[in-house]
Amino acid sequence: MRQRCRTIVSTSALSVLLAAASFSPAAVAAPPASDAGTATDTDAQQVPSTVATGTLDNEATWRAEVPGDWNGKLVLFAHGFRGGIDNPAWDKGFAPTATELIKRGYAVASSSYAETGWALETAAQDQLDTMAGFEKQFGEADRVIAVGRSMGGLVTSMMAEIPGAGIDGAVSTCGLVGGGVALNNYQLDAAHAAAALLLPGRDIRLTGFTAPEQSDATIASLRAALQEATESAEGRARIALVAALLNTPTELDDVDVTDPEALAATQAKLVLDTLPTVIERRHTIVNAAGGDSGWTSGVDYAKLLRSSDQRKQVEHMYKLSGVDLSADLASITANAAIKPDEDGLEWMLRTSTPTGELQVPLLATHTLVDLLAPVEYQEEYAETVRQAGERSLFRQAFVDREGHCNFTVAENVASVEAMDQRLETGNWANVAKTSVLQENAEAMGLDGAAFVDFRPGEFINDRAWTGR
């Protein structure tokens, strides 16, 4: 029997509706390009699934599907960030993977969380309460594997740190595992550098947004400045610096990494796309936390660049332009005066920052080119786990592909089954090795795989607030 933590899993009144009729998993959602499944002639031969839904005390909803030939194992899925008000329990992006897991005998359950947006206040508990609701109907699962993507990858990592939570293992995909504070700060570092260097003397608001329209003027100003900067050597050099602070990818398709000018041009386009997007979303985290946790005060930006794998790229672009890089870095540092909201920072540290103190095995997967969750996050998370003394419980795997959470169904299923094997044997052996994951994924005959050996660069934006 799995260890339980009665102080974590609440005894919420669960309203459960059972549907024992035949259910077609493929009808849940049309598979997106990033997670497309492959239909087979065996679909019609599947034993009918059972679907259950429920509502928790905080109005979060949950949904589960159990195959007729259930193997006793539950995949507990945590979805990513959602803007707006649409908040279903079943996630469209994960639906094709869920379909394949159900075919293989796994039950799959997931919750909506109580709120949309940055839902870290309740998300982990909502997931655990969903597990409780599931097991009230179907009995205790032999094994529970928590799986999450993007923000849900962070939720899953946080769940893996809860003693006795009732999960046995975890798979975090494209997770924001550097934590919410680091998320706010790396985006803020890039925005601050862009404003200071491309709009000097202008009073550009960068933090404290509580509504999307409050950031409209900031986005318009920065977008125009970045676009104009692409037209001069001086501007392109400064965008290269902004790109480094934003952890903008360098492992790009059809871009020769030995050609700094070509790389800079591509990165400039990515910065133009990414920076406005992350600024536009900032208000959701501010509102959840009750204040903006990001800061620039006390940050030495020359030191940050020295730690970056993109330092030589930035230095090359500055040398071409004739602009003094040291002077620019000194200017950014001298103008770094933003302080965090103390209450917002405390909330983010409490709810949205992993400690690395894993209680169960965890496998983290990431694509090499991810504009919304930089692959460098994995370096930061590995360091956090290592410092907590839990390295033996942790493994990472990387996929050579562009796009946030752009995994194939085969890659997702191979990762879940690798964790299942780790739990079955009690040791990692070679189950999370790149070649083994690739072989197992390809053997499924689904939509292919691109696991690759990779070592992410330093995440340069991590820091602790010292009150300066």
Side-chain angles (χ1 to χ4, degrees), residues 2-5 7-10 56 58 60 62 74-82 91 94 109-132 144-184 284-285 288-289 293 344-366 373 377-378 380-391 393-396 405 415 419 459 462:
R2 301 193 321 278
Q3 182 182 7
R4 297 294 183 175
C5 183
T7 60
I8 296 296
V9 180
S10 73
L56 306 179
N58 63 6
W62 63 269
L74 171 65
V75 171
L76 185 63
F77 176 71
H79 69 74
F81 177 90
R82 291 173 177 168
D91 187 75
F94 191 69
S110 59
S111 74
S112 64
Y113 315 147
E115 303 287 346
T116 57
W118 191 258
L120 270 293
E121 180 71 67
T122 69
Q125 184 64 56
D126 294 338
Q127 290 294 99
L128 296 178
D129 287 349
T130 292
M131 180 177 66
V144 178
I145 300 175
V147 179
R149 60 191 288 164
S150 191
M151 185 189 76
L154 173 58
V155 172
T156 297
S157 295
M158 301 290 286
M159 290 167 61
E161 297 177 356
I162 300 174
I167 66 172
D168 299 292
V171 178
S172 169
T173 67
C174 51
L176 303 178
V177 291
V181 175
L183 176 74
N184 275 344
T284 63
I285 302 180
S293 64
L345 178 58
E346 186 280 328
W347 187 93
M348 290 289 277
L349 292 172
R350 175 174 57 82
T351 68
S352 311
T353 305
T355 65
E357 296 174 0
L358 295 175
Q359 306 295 309
V360 298
L362 188 147
L363 172 63
T365 67
H366 219 101
Y377 253 179
Q378 292 295 335
E380 175 68 12
Y381 189 45
E383 180 181 348
T384 300
V385 172
R386 186 168 56 250
Q387 290 175 347
E390 300 298 346
R391 185 176 181 179
L393 289 173
F394 185 57
R395 292 293 186 274
Q396 292 170 302
C405 302
S415 299
M419 177 54 62
F459 180 75
D462 60 309

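Computed from heavy atoms alone, side chains included, the values below leave out hydrogens, waters and symmetry copies.
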Side-chain heavy-atom pair Met159, Leu76 within 4.5 angstrom cut-off: yes
Partner set under salt bridge (charged side-chain N to carboxylate O under 4.0 Å, His left out) for Arg395, not counting sequence neighbours: none
Qualifying salt bridge (Lys or Arg N to Asp or Glu O under 4.0 Å) pairs with a residue from residues 113-126, counting only residues at least two apart or across chains: Glu121-Arg350
Over all atoms of both residues, closest heavy-atom pair of Met131 and Gly166: SD-O, 3.9 Å
Spacing of CG belonging to Leu176 relative to CE belonging to Met151, to within rounding of 0.5 Å: 8.0 Å
Minimum heavy-atom distance between Ala123 and Val155, given as atom pair plus value: CB-CG2, 3.7 Å
Aromatic ring pairing Phe94/Phe77, orientation class (parallel under 30°, perpendicular over 60°, tilted between): parallel
Which residues share a side chain to side chain donor-acceptor pair (under 3.5 Å) with Ser172, sequence neighbours left out: none
Heavy-atom pair of closest approach, residues Thr284 and Trp118: O-CB, 4.1 Å
Over all atoms of both residues, closest heavy-atom pair of Ala60 and Ala114: CB-N, 3.7 Å
For the student: nearest non-hydrogen atoms of Met419 and Gly169, plus distance: SD-CA, 4.0 Å
Sequence-distant partners of Leu349, side chain to side chain contact (heavy atoms under 4.5 Å, CB included), two or more places apart: Val181, Leu345, Thr353
Polar side-chain atom of Gln396 near backbone of Gln378 as donor-acceptor pair, under 3.5 Å: yes
Check: Val144 main-chain N/O paired with Asp168 side-chain donor or acceptor under 3.5 Å: yes
Euclidean distance, Gln125 CD relative to Thr130 OG1, rounded to 0.5 Å: 9.5 Å
Determine all donor-acceptor pairs shorter than 3.5 Å in which one atom belongs to a side chain in residues 354-364; sequence neighbours excluded.
unit_1, atom_1, unit_2, atom_2, d
Thr355, OG1, Glu161, OE1, 3.1
Thr355, OG1, Glu357, N, 3.2
Gln359, NE2, Glu357, O, 3.1

Gln127 CD to Ile167 CD1 distance, which is reported to the nearest 0.5 Å: 10.0 Å
pair Ile162-Met158: side-chain heavy atoms closer than 4.5 Å: no
Ser110 side chain to Ala78 backbone, donor-acceptor under 3.5 Å: no
Interatomic spacing from CZ in Phe459 to OH in Tyr381 - rounded to 0.5 Å: 14.5 Å
Value rounded to 0.5 Å, distance of CG in Asp91 from OG in Ser111: 10.5 Å
Gap separating the CG atom of Leu120 from the CD1 atom of Ile285, nearest 0.5 angstrom: 9.0 Å
Partners passing ring pair (Phe, Tyr, Trp, His ring centres under 6.0 Å) against His79 (at least two apart in sequence or in another chain): Tyr113
Backbone N/O of Gly80 and side chain of Ser150: donor-acceptor pair under 3.5 Å: no
